[in-house]
Amino acid sequence: MKYKDEDPDNLGGLGDLLPAEVLQKVNELLEQLHWTDHTNQGSKIEFVYVASGGQHVDTIQTQNVYTINRQELSKNKYTDQQMADAISSINGKGKVLDEYQKWLGICCYVSARCGYPMDLESCCQRLANLPYKTPLEYVPQYKSIRVYATWNFVKAGYEQWSNLRVNDQERNLFVKCYDTALALDNALNMLRME
C-alpha cells in the first residue's frame, strides 16, 4: 500500500481514511471474522507497518483469529436457570469456585461455549444477573478480574486452553481458571443428563 502524495495521514487505496480509522475498520473486521461459521482452527493475520519513507519495518503485530461456529454454540445453549444451578453447585467454600479471580475461567468458558458476551465486564454482569436460587458466596465481579484481561491465556480464549503453553507469571491463575471452567463444564453436563 502506498501513501498518497507522501502524506502519512492519507493511505493510498483507502480514500481519505486516517490511520486511526483504518485501525478501527480492521478491528471491526476481526470481530466479524471471529463470529463466522467456519470450522477451521483459526486464521493468522499479520499487520506490518512501515513508517513513511522508512527503510525498515517499524513494528509487526500479529493477530490470531479463532472463529466460532454458531451452529456449535447452539448445541451448548443452556437456560439461565440451568446455568445458575450449575454455577451454584460449584460456588462456595470448599468447592472449586472459591475465589473471585476464578470467575475469569467461568467468563472465558461461557463466552467460548455458551454464547455469553466476549467482553469480560458484560459477561460478569450477565452472570451476576442469573436467577440463582440461593445467593452466591462468591459473586462475579469485573473489578476482581479486569487486571487479567490482557493476559495471554485470556486473549487466547478457552477453546485454545487445552494446548496452551502458559508463562510462569500466568501459570497459577491459569490452572485455577482452567479447573474452574472444567468443573462448570462437568456441572452443565450433569444437568444435561438429568
(request) Find the distance between NZ (Lys143) and OH (Tyr100) and round it off to the nearest 0.5 Å. (result) 8.5 Å
(message) Is there a side chain to side chain contact (heavy atoms under 4.5 Å, CB included) between Tyr109 and Cys114? Walk through the geometry before answering.
(response) CA-CA 8 Å; Tyr109 174 85; Cys114 303; 4.1 Å; yes
(message) Within the structure provided, determine whether Gln82 and Arg192 are in side-chain contact (heavy-atom separation under 4.5 Å).
(response) no
(message) Using only atom types and a distance under 3.5 Å, with no angle test, would you say the side chain of Ser111 pairs donor to acceptor with the backbone of Cys108?
(response) no
(request) Determine the minimum heavy-atom distance between Lys102 and Cys177, stating which atoms define it. (result) CA-SG, 4.4 Å
(message) The criterion is side-chain hydrogen bond (donor to acceptor under 3.5 Å, both in side chains); which residues satisfy it with Asn152, sequence neighbours excluded?
(response) none
(request) Mind checking the CD-CG spacing from Gln160 to Asn163? Nearest 0.5 Å is all I need. (result) 7.5 Å
(message) Working note: Thr180 + Leu104, criterion side chain to side chain contact (heavy atoms under 4.5 Å, CB included); need CA distance, chi angles, decisive distance, verdict.
(response) CA-CA 9 Å; Thr180 305; Leu104 185 59; over 6 Å; no
(message) Is any side-chain heavy atom of Met83 closer than 4.5 Å to one of Leu188?
(response) yes
(message) Could you check whether any side-chain N or O of Glu137 sits under 3.5 Å from a backbone N or O of Asp98, counting only pairs where one atom can act as donor and the other as acceptor?
(response) no
(message) As an exercise, state the distance from OG of Ser162 to CG of Leu182, rounded to the nearest 0.5 Å.
(response) 9.5 Å
(request) Keeping the roles fixed (side chain from Asn91, backbone from Ile87), state whether a donor-acceptor pair exists under 3.5 Å. (result) no
(request) Look up atom CG in Leu127 and atom OH in Tyr132, then write down how far apart they are to the nearest 0.5 Å. (result) 5.5 Å
(message) In this structure, would Leu97 and Val154 fall into the same cluster of hydrophobic residues linked by side-chain contacts under 4.5 Å?
(response) yes
(request) Kindly give the heavy-atom pair with the smallest separation between Ala187 and Ser89, and that separation in Å. (result) CB-OG, 3.6 Å
(request) Mind running side chain to side chain contact (heavy atoms under 4.5 Å, CB included) on Ile106 and Ile90 for me, showing each step along the way? (result) CA-CA 11 Å; Ile106 300 295; Ile90 63 168; 4.0 Å; yes
(request) Take the angle between the ring planes of Tyr178 and Phe174 and call it parallel below 30°, perpendicular above 60°, tilted in between. (result) parallel
(request) Report yes if the side chains of Asp85 and Lys133 come closer than 4.5 Å at any heavy-atom pair, otherwise no. (result) yes
(message) Minimum heavy-atom separation for Val110 and Cys123, please, with both atom names.
(response) CG2-SG, 3.6 Å
(message) As an exercise, state the distance from SG of Cys124 to CH2 of Trp103, rounded to the nearest 0.5 Å.
(response) 8.0 Å
(request) Calculate, to the nearest 0.5 Å, the distance between atoms OH and CD belonging to Tyr138 and Glu99 respectively. (result) 8.0 Å
(request) Determine whether Met190 and Leu130 fall in the same hydrophobic cluster, where Ile, Leu, Val, Met, Phe, Trp and Tyr are linked whenever their side-chain heavy atoms lie under 4.5 Å apart. (result) no
(request) Please identify each residue that fulfils side chain to side chain contact (heavy atoms under 4.5 Å, CB included) with Val175, with sequence neighbours left out. (result) Arg171, Asp179
(request) Determine whether Tyr142 and Phe153 fall in the same hydrophobic cluster, where Ile, Leu, Val, Met, Phe, Trp and Tyr are linked whenever their side-chain heavy atoms lie under 4.5 Å apart. (result) yes
